[in-house]
Amino acid sequence: MEKIVLDKIDSFDLKHIFDCGQCFRWNNEIDGSYTGIVYQYVINIKNTEKNKVEVKFYANENITQKDMLEFCSKYFDLERDYKKIKQELSVIDENMKKSIDYGDGIRILNQDLWETVISYIISANNNIPRIKGIIEKLSKNFGNKIEVEGKEYYTFPTPYQLSKATVSDLRQLGLGFRDIRVYETTQIFLNNKIEIENLGMKTTKKLKEILISLPGVGPKVADCILLFSYLKRTEVFPVDVWIRRVINDLYLKCEDENKINNKDIEKLANEKFGYLAGIAQQYLYYWKRDQR
DNA sequence: AAACAGGAACCAC
DNA sequence: GTGGTTCCTGTT
């Protein structure tokens, strides 16, 4: 185990970060810390005092202080000035201000593209506990084992590892109708049919087209991938049932929620929040989901 | 036991 | 390009 302490951090609340619907492999521990599996690491993160967190890395290989710092800086989006973003968003209206106050420690993680693609294909027509369960099973069956203090954790499978799963294997693990979509998209990644290297250079519109060409990826899943992976496109606004509800309640006020066109939501988000739409989405989503 | 929750694909139009 | 229906599993 290697450990690093991050101090003088602001806008950083573990519950807000891991509970705002952007990730599936972080779990709350009894001591209030969170444990997650990220790339080849098992990571435990604990808020030890105000503006200070302790991050422990467990892996089958060693990691230096420098690597851990770089990793945290990137993964936890430490270079982004959330204070400034929150100020900008807060002045838009009272709703936005209220939801920011509620989830003021949210940060958008920069997650692995491949893992995010598969995870959000699985998320289609699905709920968070079940998505988490399926991803655990995929990892346990096809990922690498990491042992930490007598407990076993499994990394998310690589495209090669997941390609060992047949469609019926996937069906048995509970993927349902998503089995074929995961299988086919895995084949595309395995055979490098998607040019990962230059993705960062492309426009968001072009990237979204590429993502939607993958089986199981539609507009909403593509937006999630664009926002939650290291592609970091904050101007997208993923619209799921919760966002549809919150946008209708706060702004559109249409009597029948089903009558709303996603284009109207997109237009509103774009006009109101601009390039910060994705981050605004996170505050609104976190706030609305906790209203249940 | 039957209804419900949740996005993409597919087929009409 | 839009609208309606179906896909699957777990929960209530």
Side-chain angles (χ1 to χ4, degrees), chain A residues 19-25 27 111 113-142 162 165-189 193-194 204-229 231 233 236-249 252 254-270 277-278 281-282 284-292:
Chain A
D19 223 14
C20 65
Q22 63 175 326
C23 56
F24 302 106
R25 302 212 70 198
N27 291 302
Q111 305 181 79
L113 176 68
W114 152 251
E115 178 173 339
T116 309
V117 167
I118 296 300
S119 298
Y120 280 92
I121 290 175
I122 294 168
S123 81
N125 231 30
N126 215 339
N127 56 59
I128 291 172
R130 194 151 78 93
I131 299 163
K132 287 177 100 165
I134 291 170
I135 294 172
E136 274 318 299
K137 283 187 235 167
L138 283 184
S139 302
K140 190 163 186 179
N141 282 274
F142 302 99
L162 195 56
T166 64
V167 175
S168 87
D169 289 338
L170 295 172
R171 180 56 64 104
Q172 280 184 347
L173 292 178
L175 275 83
F177 59 83
R178 307 158 196 85
D179 55 4
I180 187 79
R181 303 174 181 177
V182 167
Y183 180 85
E184 287 179 354
T185 294
T186 300
Q187 290 298 315
I188 291 170
F189 270 79
K193 291 268 166 56
I194 183 162
T204 299
K205 188 163 177 277
K206 179 69 190 157
L207 270 178
K208 191 165 172 175
E209 275 172 34
I210 294 174
L211 291 171
I212 286 178
S213 76
L214 295 167
V217 179
K220 189 268 181 180
V221 168
D223 282 347
C224 287
I225 298 164
L226 287 166
L227 182 61
F228 301 143
S229 76
L231 295 172
R233 303 304 168 108
V236 302
F237 194 78
V239 179
D240 65 359
V241 291
W242 295 97
I243 285 300
R244 176 175 279 268
R245 273 167 211 162
V246 71
I247 292 294
N248 191 39
D249 291 353
L252 299 175
C254 181
E255 275 183 38
D256 185 358
E257 217 168 71
N258 303 316
K259 293 255 160 58
I260 307 168
N261 195 316
N262 275 5
K263 288 243 170 68
D264 297 335
I265 299 179
E266 216 170 296
K267 187 160 169 284
L268 182 138
N270 188 34
Q281 193 266 17
Q282 286 304 95
L284 292 170
Y285 179 92
Y286 181 75
W287 177 70
K288 182 65 183 178
R289 284 224 46 148
D290 266 23
Q291 303 292 302
R292 287 175 296 177

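Note on naming: letters A, B, ... go to the chains in the order of the sequence lines (proteins, then strands), and numbering restarts at 1 for each one.
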Quick one: pull up [atom1] in [X] and [atom2] in [Y] and give me the separation to the nearest 0.5 Å.
| X | Y | atom1 | atom2 | value |
| --- | --- | --- | --- | --- |
| Ile247(A) | Glu266(A) | CD1 | CD | 11.5 Å |
| Leu138(A) | Glu115(A) | CG | CD | 10.5 Å |
| Asn261(A) | Lys267(A) | CG | NZ | 11.5 Å |
| Arg181(A) | Leu170(A) | CZ | CG | 13.0 Å |
| Asn126(A) | Ser119(A) | CG | OG | 11.5 Å |
| Glu257(A) | Asn248(A) | CD | CG | 5.5 Å |

[X] [atom1] to [N] [atom2]: how many Å, rounded?
| X | N | atom1 | atom2 | answer |
| --- | --- | --- | --- | --- |
| Ile121(A) | dC7(C) | CD1 | C1' | 15 Å |
| Tyr285(A) | dG6(B) | OH | C1' | 11 Å |
| Ile128(A) | dA5(B) | CD1 | P | 16 Å |
| Arg245(A) | dA5(B) | CZ | C1' | 8 Å |
| Ile180(A) | dC7(C) | CD1 | C1' | 13 Å |
| Ile260(A) | dG7(B) | CD1 | P | 14 Å |
| Arg244(A) | dG7(B) | CZ | P | 10 Å |
| Asp256(A) | dG3(C) | CG | P | 13 Å |

Salt bridge (Lys or Arg N to Asp or Glu O under 4.0 Å) contacts in which one or both residues fall within residues 128-141 of chain A, not counting sequence neighbours: Arg25(A)-Glu136(A)

Chi angles and distances behind the side chain to side chain contact (heavy atoms under 4.5 Å, CB included) call for Ile243(A), Asp240(A): CA-CA 5 Å; Ile243(A) 285 300; Asp240(A) 65 359; 3.6 Å; yes

Detail all sub-3.5 Å separations between protein N/O atoms and N/O atoms belonging to nucleotides 9-12 of chain C.
from: dT9(C); atom 1: O4'; to: Arg130(A); atom 2: NH1; distance (Å): 3.4

Contacts under 3.5 angstrom, residues 209-228 of chain A side chains, donor-acceptor by atom type, not counting sequence neighbours:
from: Ser213(A); atom 1: OG; to: Ile210(A); atom 2: O; distance (Å): 2.5
from: Asp223(A); atom 1: OD1; to: Lys208(A); atom 2: NZ; distance (Å): 3.0
from: Asp223(A); atom 1: OD2; to: Lys208(A); atom 2: NZ; distance (Å): 3.4

Side chain to side chain contact (heavy atoms under 4.5 Å, CB included) assessment of Ile118(A) paired with Phe189(A): CA-CA 10 Å; Ile118(A) 296 300; Phe189(A) 270 79; 5.9 Å; no

Letter per nucleotide, 5' to 3', of nucleotides 8-13 of chain B [B base touched, S only sugar-phosphate touched, - untouched; heavy atoms, 4.0 Å]: BS----

Residues Leu231(A), Thr116(A); criterion side chain to side chain contact (heavy atoms under 4.5 Å, CB included); working and verdict: CA-CA 11 Å; Leu231(A) 295 172; Thr116(A) 309; over 6 Å; no

Distance-only side-chain donor-acceptor flag, Arg244(A) / Asn262(A), under 3.5 Å: yes

Criterion side chain to side chain contact (heavy atoms under 4.5 Å, CB included) on Leu173(A) and Asp179(A), from CA distance to verdict: CA-CA 9 Å; Leu173(A) 292 178; Asp179(A) 55 4; over 6 Å; no

Five-pair end axes of the helix from dA2(B)-dT12(C) to dC13(B)-dG1(C), angle between them (10°): 40°

Stretch residues 262-269 of chain A: residues that reach within less than 4.0 Å of DNA chain B through a heavy atom: none

Check: Phe24(A) ring centroid to Tyr120(A) ring centroid under 6.0 Å: yes

Touch class at under 4.0 angstrom, heavy-atom based, for Asn261(A) against every strand present: nothing

N/O donor-acceptor pair, side chain Asn125(A) with base dG7(B), under 3.5 angstrom: yes

Trp242(A) side-chain N/O to dA5(B) phosphate OP1/OP2 under 4.0 Å: no

